[in-house]
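I have placed the structure first, in the form of structure tokens, so that the comments after it can refer back to it.
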Amino acid sequence: MANMLNGFEGARAATFAADVEQAIVINFWISIVLFISVIGPMVYFAWKYRENNVKDEEISDVTHHTTLEIVWTVIPTALMMVLFWFGYTSMSALRTMPDADTAITVQVEGSKWKWRYEYPANKDGFVHKLGGAYTKPIQDENGKIIEKGTMDKSALYVPANTNIILEMTAPLDDVIHAWFVPAFRMKEDVVPGRITKQWFNAEVGEYEVECAEYCGTDHSYMYSRVVVLPKAEYDAWFESNEDTPKGNYLKSGDAILQQHGCKSCHAIGTDKVLVGPTLNTRVLTKEQVLDVINNGQDKLGYAMGAMPGGNDLEAMGFDMTTAEEVAAYVAGGMKGEQPASFATCSSCHGEDGAGLYGTSPSLVSYDVDLLRNVLKNGKEGMMGKMPAFPYVSEEEISAIAEHLKK
Amino acid sequence: MGHEYVPEIATDRDGNEYEVQGWQGDFYGGKLGFWLFMLTEVMMFGAMFLALTYYFSLHTADFVNASASLNRYLGGFNTVILLVSALTMGLGLLKMRVGDIKGAKLMIWATIILAIVFLGVKAVEWTAEYNHGVFLGLDALQSGNAHSKPFGEILFFGLYFTMTGLHGFHIIIGIGLMLWLLKRINANKVNQGHHILHFNIALYWDLVHLIWVFVFPYFYMIGAGDVTGGAH
Amino acid sequence: MSKTYFDETHCAIGHPKSTFMQWMLTVDHKRIGLMYAAVMFTFFFVAVATALAMRFELFAPGAQFMDGDTFNQAFTLHGVIMIFLFIVPGIPAIFGNIVMPLMIGAKDVSFPRLNWFTFWLYIAGCIIAVSSLWVGEGFADTGWTFYAPYSLNTGTNVIMTLVAAFVLGMASILTGLNFLVTIHRLRAPGMGFFQMPLFVWGIYATAWIQLLATPVVGITLILAILEKYFGIGIFDPSKGGDPVLFEHLFWIYSHPAVYLMILPAFGIMSEIIPTFSRKEIFGYRTIALSSASIAGIGYLVWGHHLFTSGMSDMAKVIFSFLTFFVAIPTGIKFYDWVATMYGGKIVLSTPMLWALGTLITFAIGGLTGVTIAMVGVDIHLQDTYYSVAHFHYAMLGGVAFLLFAGMHYWFPLCFGKMYSEKHAKNAFYLQFIGFNMLWFPMFIAGYLGMPRRYFDYLPEFQIYHQVSFFGAVIFITGLVYMFVTFYKGIKNGEKTTPNPWNATTLEWHLPSAPPPLENHSKVPYVDFRPYEYKHGEPVVKFDYVTMKRID
Amino acid sequence: METTNVDYKAERAGYYKVLVGLLLLTAVTFIQPHMFMTDSNFMVQMFIGTVKAWMILIYYMHLKGEKLIGWSVLFSLLLVVFFYIMVIIDVNHFQFLDLSHITSEVTSSGAANASAAH
Ligand code: HEA
Ligand code: HEA
Ligand code: CUA
Ligand SMILES: [Cu+2]
């Protein structure tokens with residue numbers, strides 16, 4: 001990846017880039033002319049009429065010159081209209097959507113902090129789902145970058161010289177992003193609750209996608225790329241059920257966590273707390289447990305239903321005065337002597353806190369059930385809100401669970 | 001302040017004299033200043049009506065439905081209350097200007113009482129809505145649960161509570177201002193010759209009324225009539 | 001020696017003995033102006049420090065010493081302080097207070113106590129804003145634009161920042177209100193609107209923006225707070241709320257706000273250019289009216305910030321079209337200023353250097369504004385460093401530079417002393433060079449696709465960020481140099497006469513420098529134009545005791 | 001406002017006249033949805049509101065004859081109107097409105113039930 005902004009220099013990457021470029025060039029020259037028309041005389045006057053070059057009696061007292069005033073009103077106005085016109089035409093090129101019948105429509109979803117693409121079904125009814133998170137660059141202790149960031153295989157693959165329509169949105173509980181390809185000179189925001197569209201028609205090459213609307217912690221890493229393939233190569237892949245034209249994704253748990261962007265919020269293998277908890281083993285903190293004891297938890301979607309909190313828990317025989325003690329016990333990984341009132345807990349979570357056959361969550365491990373429920377429903381707790389990931393498949397969940405066990 | 005203030009005189013080259021307007025005792029300046037302040041209120045409510053109109057244009061049917069469920073008679077009653085209170089306020093100012101201090105005070109008290117009645121009615125309305133399960137934070141105005149109302153209705157009620165709430169807040173401030181005015185009158189700081197405070201508070205009260213003139217039909221009346229089922 | 005406003009004052013409450021309390025309670029417009037300057041200058045250095053920290057972080061790709069979240073808070077802090085604490089109140093609060101009443105021959109503003117109250121409201125706003133650094137989850141990380149739904153979702157202390165912005169907005173409204181009434185009511189007899197100095201016109205136009213635009217953002221911030229607390233739904237897409245509406249409401253204020261910043265700055269330019277050209281200003285009326293029309297048209301163009309927001313294409317075209325019409329009155333002003341220099345006698349004192357420097361930097365800032373007003377082009381450039389460079393050229397190279405020009409220009413008036421011209425000029429050159437080095441490369445980086453609000457970036461952009469970093473260092477050195485020069489000037493500068501520049505407007509016709517408590521000893525009668533020169537000498541002369549014309 | 005030469009009776013009569021006018025208009029507000037122009041209910045209501053507001057401004061708030069203040073009020077109202085026009089033009093010309101979630105009629109199955117029960 002020698003040059004990340006591959007294709008920018010050519011300025012012809014997408015069909016309408018030339019229009020925008022032309023508008024920029026026209027603007028550039030008009031700006032230069034206007035700039036000189038002001039700054040030129042200014043510098044000249046400052047030199048010509050400098051203090052010791054002018055006698056007091058020679059100072060002129062003009063305060064009006066109608067012709068000049070008309071000239072410097074009318075000509076700039078005309079020039080401004082020229083600029084407006086080129087701004088307008090280049091926008092029309094960018095914003096007039098091609099006929100949907102002759103184009104490929106890809107669904108784009110931008111969310112914190114990854115881009116996902118969903119294609120129409122192919123002949124076999126198979127739907128390609130691509131994209132994912134960018135792998136951040138790795139730095140050594142001195143801050144030197146030892147490994148560049150990469151999109152790996154996750155990208156938007158499209159055929160060359162074909163109209164592509166992007167139908168874009170963001171999940172409702174997410175924030176605004178923007179899909180920006182500098183080489184194509186195009187961008188449009190991705191707005192939760194709205195559908196926005198853009199289109200392009202590009203030449204073979206690889207082009208960087210950047211998120212251009214501020215969206216929080218990893219806004220600076222919300223890259224993606226567009227890979228424009230020769231048509232035949234694209235078609236061959238599209239009708240297959242290969243993951244990407246560059247081969248299948250790695251199916252290791254770690255790769256899956258990377259691809260879905262789990263790693264931008266969860267550290268794995270270190271104790272660092274990013275946005276959410278680390279996913280080493282499930283060690284709840286005392287505060288987290290206390291929060292659940294006091295307020296319950298009903299977002300996980302277990303078959304047993306919501307976990308009661310506070311008074312409801314007491315009604316089941318839980319002794320609230322021992323809440324601290326129980327919390328400490330759970331946070332300590334269920335070691336040592338079991339507090340008596342843990343009995344209320346074990347009626348649902350099991351003696352060892354490992355949960356009851358998928359109907360209630362485990363307190364000690366990220367088993368498949370917990371993962372499935374968290375990914376399906378998201379999770380809101382005292383640390384914050386984790387969005388749902390409904391598209392993570394069953395195999396992937398198992399692979400993650402397998403990976404987290406290690 | 002400003003009773004003993006003697007305006008300065010400026011003299012031009014021919015010796016003509018001109019009275020200088022000082023900042024002290026500038027009745028028109030006080031009035032202008034207060035009007036400008038009221039323009040900021042207009043812009044503020046204007047922006048909220050803008051949000052309201054935005055969603056009305058998207059969810060017309062939902063808005064009409066939601067409006068139909070408000071209690072139009074209580075709203076209408078409050079409209080009349082505000083109408084009459086604007087009158088008492090105006091008459092109070094008139095009495096002040098002719099020097100009938102006692103009458104003026106009486107009228108201000110009348111206005112205060114009407115304002116309190118207005119708030120009372122508002123409280124009754126909000127309680128009823130709360131009991132119906134329609135209130136900020138209750139399930140009906142949250143999304144994605146069994147009681148959720150359609151978007152248009154959620155937005156309608158969200159803005160309804162916000163805007164009538166803010167209007168009510170203005171009424172409360174108005175009551176405070178009137179009580180303060182009474183105190184100033186008693187201290188003879190406000191009197192026939194120096195009544196800018198009274199004048200401005202009267203203006204304020206008219207503004208509060210003015211806002212209601214639009215709040216009322218926008219929330220209560222757009223769902224009236226035979227278009228839908230009418231009031232509950 | 002006669003007493004000046006440093007020696008005595010009117011107070012809002014009582015007559016305190018201690019000097020400190022006299023300053024705290026003063027209702028004198030000149031003192032209040034100075035206090036604004038002192039406070040702004042303090043906060044300002046916080047924002048400059050954050051800016052420098054950001055430049056350090058951006059020195060190389062990868063995380064240097066900040067992580068993403070810290071950087072996000074840093075630019076929010078920087079933006080919020082620069083905009084709400086410094087540049088929006090900026091020139092009106094400082095020079096609007098200090099010189100505007102002097103220029104129209106008034107004894108004070110219309111509501112001196114309100115002025116005092118406003119100052120403290122401003123302080124309250126500052127305190128709320130800055131203290132949110134330590135309260136709760138830390139300073140907001142939303143950017144100064146507070147876009148929903150991000151501002152509604154994030155865990156940081158957005159509410160306090162919103163409240164602060166609201167309080168500062170109130171202060172801004174009340175300042176504008178006060179100035180409007182002052183300008184309408186307290187002009188000296190004989191002074192019509194077209195005999196007012198152009199700085200007063202700038203303040204007047206600005207005051208209308210403060211008054212009518214600020215409430216819109218005020219209520220928007222309140223709606224955001226209510227949304228966060230009660231979930232009223234207006235900006236929450238899961239309840240049908242539309243995030244784009246927030247952007248509309250925000251920019252309905254915030255675009256006029258940029259003209260609120262620049263118009264009084266243009267006013268300073270219009271004072272300095274004729275004074276140091278020793279010549280009456282060219283096209284007085286067009287300059288005055290173009291201030292008014294910029295303020296007016298400025299209300300109509302907010303949509304140019306939404307060109308890629310998902311707004312309808314129809315609205316994009318309309319807003320793009322309207323935007324070009326702000327450039328025209330601005331252009332007219334520029335030509336008028338340059339024409340004023342024609343045939344004059346140009347004295348390159350420090351204020352004039354700053355003014356001419358600003359003509360260059362703001363022309364760049366403005367013309368690049370015109371670039372991004374072209375809708376098709378802005379689709380490429382929006383939210384890149386190109387727009388960051390544009391607005392730093394406009395706000396720093398336009399407003400802050402002219403504020404500096406004004407600080408040099410009115411320094412002798414405020415303190416009755418003079419700074420060292422030599423050092424002041426050196427500081428100017430350092431800053432001018434540093435500034436251009438700091439921001440010009442960013443136009444190129446932005447054009448090549450460097451998005452803003454990135455704490456880490458692709459290696460291609462490194463060279464631009466590095467040049468920029470060195471520019472920042474030079475610039476800030478010059479800045480510190482300038483303030484040291486000022487400080488020395490205040491401490492042991494030479495004493496000056498009340499009119500060291502041979503200027504014509506009324507604030508220079510005072511019995512003493514610094515001015516006495518109640519300004520002019522008597523209110524003058526105004527039967528002259530503001531910038532009348534004959535052979536390089538002011539035409540109008542006063543007897544400073546009787547304030548009668550003696551020419 | 002000058003305090004000299006107040007014609008108390010005439011001004012008081014004025015207040016009452018305006019009150020009657022406003023009350024009448026309020027009554028019209030109430031009967032209109034049942035009586036006439038029911039298909040443009042909203043417009044009529046807003047029109048009545050505007051007339052009422054105008055009466056309050058002119059008579060109760062003494063705007064009559066106030067040049068400066070009158071123009072200021074007018075100016076700010078025109079601004080607000082411009083904001084409305086542009087924002088409403090925008091949202092109603094948004095090309096993909098029908099596809100967007102924020103305009104979908106029903107929020108959840110629960111809402112469907114709720115409005116069905118209506
Ligand atoms: C002091 C502040 C200030 C000023 C005065 C301006 C002035 C202008 N601005 Fe700027 N602008 C900002 C501050 C300012 N701006 C800020 C803060 C932002 C970004 C906010 C954010 O997103 O965080 C922004 C963003 C911004 C955008 C949106 C960019 C984006 O997000 O994609 C646009 C688009 O149209 C724009 C346009 C203009 C125009 C046309 C002017 C015009 O008024 C310029 C007029 C000036 C001239 C034209 C130059 C001088 C004249 C001549 C040299 C004479 C000859 C020329 C002619 C006759 C044309 N600005
Ligand atoms: C007035 C406005 C102003 C000023 C002066 C500055 C000054 C500077 N700014 Fe910036 N800046 C903003 C307003 C301003 N800024 C805004 C609104 C944003 C957007 C935030 C966001 O994205 O939300 C931004 C964003 C921004 C970024 C982009 C962050 C990003 O998108 O990733 C960067 C990056 O380097 C930056 C750097 C600087 C630097 C190095 C200076 C230096 O030039 C600093 C030195 C400053 C000065 C020299 C000013 C001098 C003025 C005085 C000394 C006045 C003294 C006062 C009195 C006496 C009263 N600023
Ligand atoms: Cu996503 Cu920025
Ligand atoms: Cu703008």
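Since the structure is predicted, the reported quantities are computational estimates derived from the model, not experimental observations.
The contact between Phe111(C) and chain B is made entirely by side chain atoms (from C-beta outward), counting heavy-atom distances below 4.5 Å. Interface remark: Asp242(C) contributes backbone and side-chain atoms alike to the contact with chain B (heavy atom separation under 4.5 Å). Proximity to chain C (any heavy atom under 4.5 Å) is restricted, for Tyr55(B), to the side chain, taken from C-beta onward. Heavy atoms closer than 4.5 Å to chain B are found in both the backbone and the side chain of Asp108(C). Both the backbone and the side chain of Leu245(C) come within contact range of chain B, each with at least one heavy atom under 4.5 Å from a heavy atom of that chain. When heavy atoms are compared at a cutoff of 4.5 Å, Ile252(C) approaches chain B solely by way of its side chain, counted from C-beta outward. For chain C, the nearby part of Asp26(B) is the side chain; its heavy atoms alone come within less than 4.5 Å. For Glu19(B), the part lying near chain C is the backbone, with the side chain staying farther off; criterion is any non-hydrogen pair under 4.5 Å. Neither the backbone nor the side chain of Val526(C) comes within contact range of chain B, judged by heavy atoms closer than 4.5 Å. With a 4.5 angstrom heavy-atom cutoff, Leu223(C) touches chain B only via side-chain atoms.
Taking a 6.0 Å sphere around OH of Tyr544(C), one finds it holds more than 12 heavy atoms contributed by other residues, nucleotides or ligands. Other residues, nucleotides and ligands contribute more than 12 heavy atoms inside 6.0 Å of the NZ atom of Lys541(C). The 12-atom threshold is exceeded at CE of Met191(C), counting heavy atoms of other residues, nucleotides or ligands nearer than 6.0 Å. Shown here is Lys548(C), whose NZ atom has no more than 12 heavy atoms of other residues, nucleotides or ligands within 6.0 Å. Surrounding CZ of Phe193(C) are more than 12 heavy atoms belonging to other residues, nucleotides or ligands, all under 6.0 Å away.
Between Leu50(B) and Leu249(C) the shortest side-chain heavy-atom distance falls below 4.5 Å. In this structure the side chain of Phe37(B) reaches within 4.5 angstrom of the side chain of Leu177(C), judged on heavy atoms. Taking the side chain as every heavy atom from C-beta outward, Lys107(C) and Glu8(B) approach each other to under 4.5 Å.
Considering CZ of Phe230(C) and OG1 of Thr162(B), their distance stands at 9.0 Å, rounded to 0.5 Å. For the atom pair Phe151(B) CZ and Ser238(C) OG, the distance stands at 7.0 Å (nearest 0.5 Å). Put simply, CG on Asp12(B) and CZ on Arg549(C) are 10.0 Å apart, with the number rounded to the nearest 0.5 Å. The structure places CD1 of Ile173(C) at 8.0 Å from CE of Met44(B), a figure rounded to the nearest 0.5 Å. The CG atom of Leu39(B) lies 9.5 Å from the CG atom of Leu180(C); values are rounded to the nearest 0.5 Å. Rounding to the nearest 0.5 Å places CZ of Phe179(C) at 13.5 Å from CG of Leu36(B).
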Are Leu211(C) and Thr40(B) close enough, and set up right, to give a side-chain contact (heavy atoms from CB on, under 4.5 Å), and what steps lead you there?
CA-CA 6 Å; Leu211(C) 190 83; Thr40(B) 69; 3.7 Å; yes
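The candidate from Leu166(B), Leu32(B), Leu155(B) with the greatest count of non-hydrogen atom pairs under 4.5 Å with chain C is Leu155(B). When the candidates Phe45(B), Tyr54(B), Phe157(B) are compared by the number of heavy-atom contacts under 4.5 Å with chain C, Tyr54(B) comes out ahead. Chosen from Pro112(C), Gly190(C), Gly218(C), Gly231(C), the residue pairing most often with chain B at heavy-atom distances under 4.5 Å is Pro112(C). Chain B forms the most heavy-atom pairs under 4.5 Å with one residue out of Val217(C), Val216(C), Leu186(C), and that residue is Leu186(C).
Shown here for Pro524(C) and Ala10(B), the closest heavy-atom pair between the two residues is O-CB, 4.1 Å.
One N or O on the side chain of Lys522(C) and one on the backbone of Ile9(B) form a donor-acceptor pair closer than 3.5 Å.
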